[in-house]
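Since the structure comes first, as C-alpha coordinates, the remarks are kept for the end.
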Number of protein chains: 2
Amino acid sequence: MSDKTGPMESLLRDAGVRITRQRKIILKILADHDDHPDAQAIFRRAVLTDKTISLSTVYRTMSLLEERGAIQRHSFQGGRARYEHAPGDHHDHLIDVETGQVIEFISERIEALQEEVARRLGYEIVDHRLEIYGRRIRKPGEKQQP
Amino acid sequence: MSDKTGPMESLLRDAGVRITRQRKIILKILADHDDHPDAQAIFRRAVLTDKTISLSTVYRTMSLLEERGAIQRHSFQGGRARYEHAPGDHHDHLIDVETGQVIEFISERIEALQEEVARRLGYEIVDHRLEIYGRRIRKPGEKQQP
DNA sequence: AGCTATTTGCGAATGATTTGCAAAAAGGCG
DNA sequence: CGCCTTTTTGCAAATCATTCGCAAATAGCT
(Lines give C-alpha, C1' and ligand atoms only; values in the text may rest on other atoms or scores of the structure.)
Protein backbone atom coordinates (compact mmCIF):
# COMPACT_ATOMS: atom_id res chain seq x y z
CA MET A 1 0.00 0.00 0.00
CA SER A 2 2.97 2.28 0.42
CA ASP A 3 6.64 2.42 -0.28
CA LYS A 4 7.40 5.67 1.38
CA THR A 5 9.39 3.77 3.96
CA GLY A 6 12.20 2.97 1.53
CA PRO A 7 13.88 6.38 1.51
CA MET A 8 13.46 6.77 5.24
CA GLU A 9 15.11 3.41 5.83
CA SER A 10 18.13 4.30 3.72
CA LEU A 11 18.39 7.57 5.56
CA LEU A 12 18.46 5.81 8.90
CA ARG A 13 20.79 3.07 7.72
CA ASP A 14 23.25 5.68 6.47
CA ALA A 15 23.16 7.20 9.93
CA GLY A 16 24.30 3.86 11.36
CA VAL A 17 20.86 2.84 12.60
CA ARG A 18 19.89 -0.77 12.11
CA ILE A 19 16.68 -1.49 10.28
CA THR A 20 15.06 -4.09 12.42
CA ARG A 21 11.82 -5.93 11.83
CA GLN A 22 10.06 -3.83 14.46
CA ARG A 23 11.39 -0.54 13.14
CA LYS A 24 10.20 -1.46 9.66
CA ILE A 25 6.74 -2.12 11.05
CA ILE A 26 6.58 1.15 12.91
CA LEU A 27 7.83 3.13 9.93
CA LYS A 28 5.18 1.54 7.76
CA ILE A 29 2.47 2.38 10.25
CA LEU A 30 3.61 5.99 10.31
CA ALA A 31 3.76 6.16 6.55
CA ASP A 32 0.37 4.56 6.00
CA HIS A 33 -1.59 6.68 8.44
CA ASP A 34 -1.96 10.39 8.40
CA ASP A 35 -3.22 11.02 11.89
CA HIS A 36 -1.52 11.90 15.17
CA PRO A 37 -1.39 8.66 17.15
CA ASP A 38 0.02 8.20 20.63
CA ALA A 39 2.44 5.45 21.59
CA GLN A 40 -0.35 3.10 22.63
CA ALA A 41 -2.14 3.50 19.33
CA ILE A 42 1.03 2.80 17.38
CA PHE A 43 1.66 -0.20 19.58
CA ARG A 44 -1.86 -1.51 19.02
CA ARG A 45 -1.43 -1.24 15.27
CA ALA A 46 2.01 -2.83 15.39
CA VAL A 47 0.81 -5.83 17.35
CA LEU A 48 -1.51 -6.70 14.46
CA THR A 49 1.57 -7.38 12.35
CA ASP A 50 3.95 -8.61 15.00
CA LYS A 51 2.49 -10.25 18.05
CA THR A 52 5.74 -9.98 20.00
CA ILE A 53 6.59 -6.31 19.59
CA SER A 54 6.79 -4.39 22.85
CA LEU A 55 5.61 -0.98 23.95
CA SER A 56 9.15 -0.11 25.06
CA THR A 57 10.32 -0.63 21.52
CA VAL A 58 7.66 1.71 20.26
CA TYR A 59 8.77 4.38 22.70
CA ARG A 60 12.42 3.82 21.89
CA THR A 61 11.75 3.99 18.18
CA MET A 62 9.74 7.17 18.52
CA SER A 63 12.58 8.83 20.44
CA LEU A 64 15.02 7.69 17.81
CA LEU A 65 12.92 9.04 15.00
CA GLU A 66 12.39 12.28 16.82
CA GLU A 67 16.12 12.75 17.32
CA ARG A 68 16.63 12.09 13.63
CA GLY A 69 13.97 14.64 12.81
CA ALA A 70 11.78 12.07 11.10
CA ILE A 71 8.81 12.73 13.32
CA GLN A 72 7.66 15.30 15.80
CA ARG A 73 6.28 14.70 19.26
CA HIS A 74 3.47 16.84 20.64
CA SER A 75 2.16 17.12 24.18
CA PHE A 76 -1.37 18.29 23.71
CA GLN A 77 -3.65 18.68 26.68
CA GLY A 78 -4.59 15.43 28.32
CA GLY A 79 -1.90 12.98 29.11
CA ARG A 80 -0.06 11.10 26.47
CA ALA A 81 2.23 12.45 23.82
CA ARG A 82 1.16 12.13 20.21
CA TYR A 83 3.39 11.83 17.20
CA GLU A 84 3.22 13.10 13.69
CA HIS A 85 5.05 11.90 10.65
CA ALA A 86 7.65 13.95 8.77
CA PRO A 87 6.57 17.48 9.55
CA GLY A 88 8.54 19.04 6.73
CA ASP A 89 6.61 22.23 6.97
CA HIS A 90 6.00 24.05 10.22
CA HIS A 91 2.39 24.24 11.27
CA ASP A 92 0.16 24.62 14.28
CA HIS A 93 -2.73 22.47 15.45
CA LEU A 94 -6.44 22.68 15.97
CA ILE A 95 -7.64 19.83 18.15
CA ASP A 96 -11.26 18.77 18.02
CA VAL A 97 -12.17 18.50 21.68
CA GLU A 98 -14.92 16.01 20.92
CA THR A 99 -13.10 13.53 18.70
CA GLY A 100 -9.46 14.25 19.43
CA GLN A 101 -8.91 14.73 15.72
CA VAL A 102 -6.05 17.04 14.87
CA ILE A 103 -6.19 19.54 12.03
CA GLU A 104 -3.02 21.20 10.90
CA PHE A 105 -2.88 24.81 9.83
CA ILE A 106 -0.47 27.64 9.25
CA SER A 107 -0.94 31.36 9.43
CA GLU A 108 1.97 33.37 8.23
CA ARG A 109 0.41 36.38 9.84
CA ILE A 110 0.33 34.72 13.24
CA GLU A 111 3.92 33.57 12.79
CA ALA A 112 5.00 37.09 11.98
CA LEU A 113 3.16 38.54 14.94
CA GLN A 114 4.82 36.08 17.27
CA GLU A 115 8.23 37.16 16.04
CA GLU A 116 7.20 40.72 16.65
CA VAL A 117 5.98 40.02 20.18
CA ALA A 118 9.14 38.14 21.08
CA ARG A 119 11.38 40.81 19.67
CA ARG A 120 9.52 43.52 21.53
CA LEU A 121 10.10 41.59 24.77
CA GLY A 122 13.78 41.18 23.98
CA TYR A 123 13.71 37.51 23.04
CA GLU A 124 14.54 35.38 20.07
CA ILE A 125 12.19 32.47 19.46
CA VAL A 126 13.67 29.05 20.08
CA ASP A 127 10.43 27.21 19.61
CA HIS A 128 6.76 27.86 19.98
CA ARG A 129 3.45 26.12 19.98
CA LEU A 130 -0.02 27.26 19.21
CA GLU A 131 -2.86 24.89 19.91
CA ILE A 132 -6.49 25.75 19.38
CA TYR A 133 -9.01 23.49 21.06
CA GLY A 134 -12.29 23.74 19.24
CA ARG A 135 -15.73 22.34 18.73
CA ARG A 136 -17.09 21.78 15.27
CA ILE A 137 -19.76 24.25 14.25
CA ARG A 138 -22.78 22.54 12.73
CA LYS A 139 -24.73 24.66 10.35
CA PRO A 140 -28.47 23.91 10.37
CA GLY A 141 -29.26 20.98 8.09
CA GLU A 142 -25.72 19.67 8.15
CA LYS A 143 -25.10 15.97 8.62
CA GLN A 144 -24.04 14.72 12.05
CA GLN A 145 -20.98 12.68 11.12
CA PRO A 146 -19.76 13.68 7.65
CA MET B 1 2.23 41.95 53.59
CA SER B 2 -1.00 41.30 51.78
CA ASP B 3 -4.66 41.04 52.43
CA LYS B 4 -5.79 39.98 49.03
CA THR B 5 -6.70 36.62 50.49
CA GLY B 6 -9.70 38.00 52.37
CA PRO B 7 -12.08 38.33 49.43
CA MET B 8 -10.99 35.03 48.00
CA GLU B 9 -11.67 33.31 51.30
CA SER B 10 -15.19 34.68 51.53
CA LEU B 11 -15.78 33.60 47.97
CA LEU B 12 -14.75 30.08 48.76
CA ARG B 13 -16.59 29.99 52.07
CA ASP B 14 -19.76 31.07 50.32
CA ALA B 15 -19.32 28.17 47.97
CA GLY B 16 -19.35 25.83 50.95
CA VAL B 17 -15.59 25.33 50.99
CA ARG B 18 -13.97 25.24 54.40
CA ILE B 19 -11.15 27.65 55.04
CA THR B 20 -8.54 25.51 56.69
CA ARG B 21 -5.17 26.50 58.04
CA GLN B 22 -3.41 24.92 55.04
CA ARG B 23 -5.70 26.56 52.51
CA LYS B 24 -5.08 29.92 54.11
CA ILE B 25 -1.37 29.37 53.79
CA ILE B 26 -1.56 28.38 50.15
CA LEU B 27 -3.81 31.29 49.27
CA LYS B 28 -1.39 33.67 50.91
CA ILE B 29 1.52 32.20 49.00
CA LEU B 30 -0.35 32.64 45.75
CA ALA B 31 -1.33 36.19 46.60
CA ASP B 32 2.14 37.23 47.70
CA HIS B 33 4.07 35.89 44.73
CA ASP B 34 3.61 36.81 41.16
CA ASP B 35 5.41 34.00 39.43
CA HIS B 36 4.29 30.66 37.99
CA PRO B 37 5.28 28.04 40.58
CA ASP B 38 4.76 24.32 40.31
CA ALA B 39 3.27 22.20 43.10
CA GLN B 40 6.65 21.40 44.60
CA ALA B 41 7.58 25.07 44.77
CA ILE B 42 4.32 25.95 46.49
CA PHE B 43 4.85 23.07 48.86
CA ARG B 44 8.37 24.22 49.67
CA ARG B 45 7.10 27.69 50.46
CA ALA B 46 4.23 26.37 52.51
CA VAL B 47 6.45 24.20 54.66
CA LEU B 48 8.23 27.32 55.87
CA THR B 49 5.01 28.36 57.57
CA ASP B 50 3.57 24.98 58.44
CA LYS B 51 5.99 22.15 58.98
CA THR B 52 3.25 19.52 58.71
CA ILE B 53 1.52 20.47 55.48
CA SER B 54 1.60 17.75 52.84
CA LEU B 55 2.19 17.76 49.12
CA SER B 56 -1.14 16.01 48.58
CA THR B 57 -2.89 18.91 50.19
CA VAL B 58 -1.14 21.29 47.86
CA TYR B 59 -2.28 19.28 44.86
CA ARG B 60 -5.80 19.00 46.21
CA THR B 61 -5.98 22.69 46.91
CA MET B 62 -4.71 23.57 43.48
CA SER B 63 -7.38 21.40 41.86
CA LEU B 64 -10.00 22.99 44.04
CA LEU B 65 -8.90 26.48 43.15
CA GLU B 66 -8.73 25.62 39.50
CA GLU B 67 -12.29 24.28 39.55
CA ARG B 68 -13.39 27.50 41.22
CA GLY B 69 -11.60 29.50 38.57
CA ALA B 70 -9.31 31.11 41.12
CA ILE B 71 -6.16 29.94 39.41
CA GLN B 72 -5.12 28.47 36.13
CA ARG B 73 -2.95 25.43 35.55
CA HIS B 74 -0.46 25.31 32.70
CA SER B 75 1.44 22.37 31.28
CA PHE B 76 4.42 23.94 29.68
CA GLN B 77 7.08 21.79 28.11
CA GLY B 78 9.08 19.80 30.59
CA GLY B 79 7.27 17.85 33.21
CA ARG B 80 5.39 19.46 36.01
CA ALA B 81 2.36 21.66 35.81
CA ARG B 82 2.71 25.26 36.88
CA TYR B 83 0.03 27.45 38.34
CA GLU B 84 -0.80 31.09 38.07
CA HIS B 85 -2.92 33.23 40.32
CA ALA B 86 -6.25 34.78 39.30
CA PRO B 87 -5.77 35.14 35.58
CA GLY B 88 -8.56 37.66 35.21
CA ASP B 89 -7.36 38.70 31.83
CA HIS B 90 -6.56 36.20 29.14
CA HIS B 91 -2.96 36.12 28.03
CA ASP B 92 -0.36 33.91 26.46
CA HIS B 93 3.13 33.02 27.65
CA LEU B 94 6.69 33.48 26.66
CA ILE B 95 8.92 31.06 28.54
CA ASP B 96 12.61 31.85 28.95
CA VAL B 97 14.24 28.56 28.06
CA GLU B 98 17.28 29.36 30.14
CA THR B 99 15.69 30.48 33.39
CA GLY B 100 12.19 29.06 33.17
CA GLN B 101 10.85 32.53 33.82
CA VAL B 102 7.42 33.16 32.38
CA ILE B 103 6.45 36.43 30.75
CA GLU B 104 2.81 37.10 30.04
CA PHE B 105 1.65 38.89 26.95
CA ILE B 106 -1.41 39.50 24.85
CA SER B 107 -1.78 40.29 21.21
CA GLU B 108 -5.25 41.18 20.14
CA ARG B 109 -4.18 40.70 16.60
CA ILE B 110 -3.07 37.14 17.23
CA GLU B 111 -6.30 36.47 19.09
CA ALA B 112 -8.33 37.76 16.19
CA LEU B 113 -6.38 35.72 13.67
CA GLN B 114 -6.95 32.57 15.69
CA GLU B 115 -10.68 33.18 15.62
CA GLU B 116 -10.44 33.64 11.92
CA VAL B 117 -8.48 30.44 11.39
CA ALA B 118 -10.87 28.43 13.53
CA ARG B 119 -13.92 29.83 11.81
CA ARG B 120 -12.46 29.11 8.41
CA LEU B 121 -11.97 25.49 9.45
CA GLY B 122 -15.53 25.28 10.76
CA TYR B 123 -14.73 25.39 14.46
CA GLU B 124 -15.56 27.52 17.42
CA ILE B 125 -12.72 27.98 19.90
CA VAL B 126 -13.19 26.30 23.25
CA ASP B 127 -9.72 27.06 24.49
CA HIS B 128 -6.32 27.70 23.09
CA ARG B 129 -2.74 28.09 24.11
CA LEU B 130 0.14 29.90 22.62
CA GLU B 131 3.54 29.39 24.14
CA ILE B 132 6.68 30.95 22.83
CA TYR B 133 9.94 29.48 24.07
CA GLY B 134 12.66 32.03 23.72
CA ARG B 135 16.16 33.04 24.59
CA ARG B 136 16.95 36.51 25.81
CA ILE B 137 18.72 38.66 23.30
CA ARG B 138 21.70 40.46 24.82
CA LYS B 139 22.67 43.63 23.16
CA PRO B 140 26.42 44.33 23.31
CA GLY B 141 27.34 46.02 26.55
CA GLU B 142 24.24 44.80 28.36
CA LYS B 143 24.51 43.34 31.84
CA GLN B 144 24.42 39.58 32.28
CA GLN B 145 21.75 39.28 34.96
CA PRO B 146 19.77 42.49 35.16
C1' DA C 1 28.61 -18.83 8.57
C1' DG C 2 30.79 -16.07 12.19
C1' DC C 3 31.61 -11.93 14.89
C1' DT C 4 30.44 -7.81 17.37
C1' DA C 5 27.87 -3.82 18.23
C1' DT C 6 22.93 -2.77 18.36
C1' DT C 7 18.37 -3.81 19.63
C1' DT C 8 14.77 -6.13 21.79
C1' DG C 9 11.43 -7.76 25.40
C1' DC C 10 10.66 -7.99 29.96
C1' DG C 11 10.00 -6.33 34.21
C1' DA C 12 11.31 -3.01 37.36
C1' DA C 13 12.22 2.07 38.15
C1' DT C 14 10.72 6.87 37.64
C1' DG C 15 8.37 11.11 38.46
C1' DA C 16 4.26 13.69 38.63
C1' DT C 17 -0.18 13.44 40.23
C1' DT C 18 -4.15 11.00 42.47
C1' DT C 19 -6.54 8.28 45.77
C1' DG C 20 -8.21 5.27 49.93
C1' DC C 21 -8.67 5.60 54.54
C1' DA C 22 -8.62 6.57 59.34
C1' DA C 23 -7.67 10.48 62.19
C1' DA C 24 -8.14 15.64 62.70
C1' DA C 25 -10.56 19.81 62.40
C1' DA C 26 -14.10 23.34 60.34
C1' DG C 27 -18.70 25.29 60.63
C1' DG C 28 -22.86 25.30 62.28
C1' DC C 29 -26.08 24.75 66.30
C1' DG C 30 -28.00 24.90 70.68
C1' DC D 1 -18.70 27.05 74.83
C1' DG D 2 -19.03 21.82 73.81
C1' DC D 3 -21.23 18.64 70.37
C1' DC D 4 -22.17 16.73 65.93
C1' DT D 5 -21.78 16.08 61.12
C1' DT D 6 -19.27 16.75 57.11
C1' DT D 7 -15.22 18.18 54.99
C1' DT D 8 -10.15 17.93 54.99
C1' DT D 9 -5.80 16.27 56.06
C1' DG D 10 -1.53 13.34 56.15
C1' DC D 11 0.27 9.19 54.88
C1' DA D 12 1.13 5.57 52.13
C1' DA D 13 -0.08 3.09 48.36
C1' DA D 14 -1.91 3.34 43.59
C1' DT D 15 -1.84 5.36 38.82
C1' DC D 16 -0.17 6.57 34.34
C1' DA D 17 2.93 7.63 30.87
C1' DT D 18 7.49 6.97 29.92
C1' DT D 19 12.27 5.29 30.74
C1' DC D 20 15.85 1.94 32.01
C1' DG D 21 18.78 -2.25 33.20
C1' DC D 22 20.01 -6.41 31.57
C1' DA D 23 20.38 -10.81 29.42
C1' DA D 24 18.95 -12.84 25.12
C1' DA D 25 18.20 -12.03 20.12
C1' DT D 26 19.65 -10.18 15.76
C1' DA D 27 21.29 -6.72 12.03
C1' DG D 28 25.01 -5.82 9.12
C1' DC D 29 29.62 -6.69 7.89
C1' DT D 30 33.29 -9.92 6.31
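Each chain gets a letter, A, B and so on, in the order the sequences are listed, and its residues count up from 1. Predicted, not measured: the structure shown is a model, and the values here were computed from it.
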Spacing of CG belonging to A:Leu113 relative to CD belonging to B:Gln114, to within rounding of 0.5 Å: 10.5 Å

Reported CD1-to-CD1 distance for the pair A:Ile125 and B:Ile132, which is rounded to 0.5 angstrom: 4.5 Å

Over how many whole Å does the gap from [X] atom [atom1] to [N] atom [atom2] extend?
X: B:Arg23; N: C:dG27; atom1: CZ; atom2: C1'; answer: 13 Å
X: B:Gln40; N: C:dT18; atom1: CD; atom2: P; answer: 13 Å
X: B:Leu64; N: C:dT17; atom1: CG; atom2: C1'; answer: 16 Å
X: B:Lys24; N: D:dT8; atom1: NZ; atom2: P; answer: 14 Å
X: B:Leu55; N: C:dA16; atom1: CG; atom2: P; answer: 10 Å
X: B:Gln77; N: C:dA16; atom1: CD; atom2: P; answer: 17 Å
X: A:Leu65; N: C:dT7; atom1: CG; atom2: C1'; answer: 14 Å
X: B:Phe43; N: D:dG10; atom1: CZ; atom2: P; answer: 9 Å

Whether B:His91 and B:His93 hold their rings parallel, tilted or perpendicular, with breakpoints at 30° and 60°: perpendicular

Per A:Arg80 side chain, nearest of listed nucleotides D:dT19, D:dA17, C:dT17: D:dA17

Residue mapping more 5' on DNA chain D - nearest nucleotide basis, B:Arg18 or B:Thr61: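 Per heavy-atom nearest nucleotide, the more 5' residue is B:Arg18.
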
Contact under 4.0 Å: [X] side-chain N or O vs [N] OP1/OP2:
X: B:Thr20; N: D:dT9; answer: yes
X: B:Ser54; N: D:dT9; answer: no
X: A:Arg13; N: D:dG28; answer: yes
X: B:Gln22; N: C:dA25; answer: no
X: A:Arg21; N: D:dA27; answer: no
X: B:Tyr59; N: C:dT18; answer: no

First of B:Ser56 and B:Ile19 reached from the 5' end of DNA chain C, by closest nucleotide: B:Ser56

Greater than 12 external heavy atoms within 6.0 Å of A:Asp89's CG: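 Correct, the count exceeds 12.
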
Neighbour count >12 (heavy atoms, 6.0 Å) for atom CZ, A:Arg68: yes

Base D:dG10 paired with B:Arg60 side chain (donor-acceptor, <3.5 Å): yes

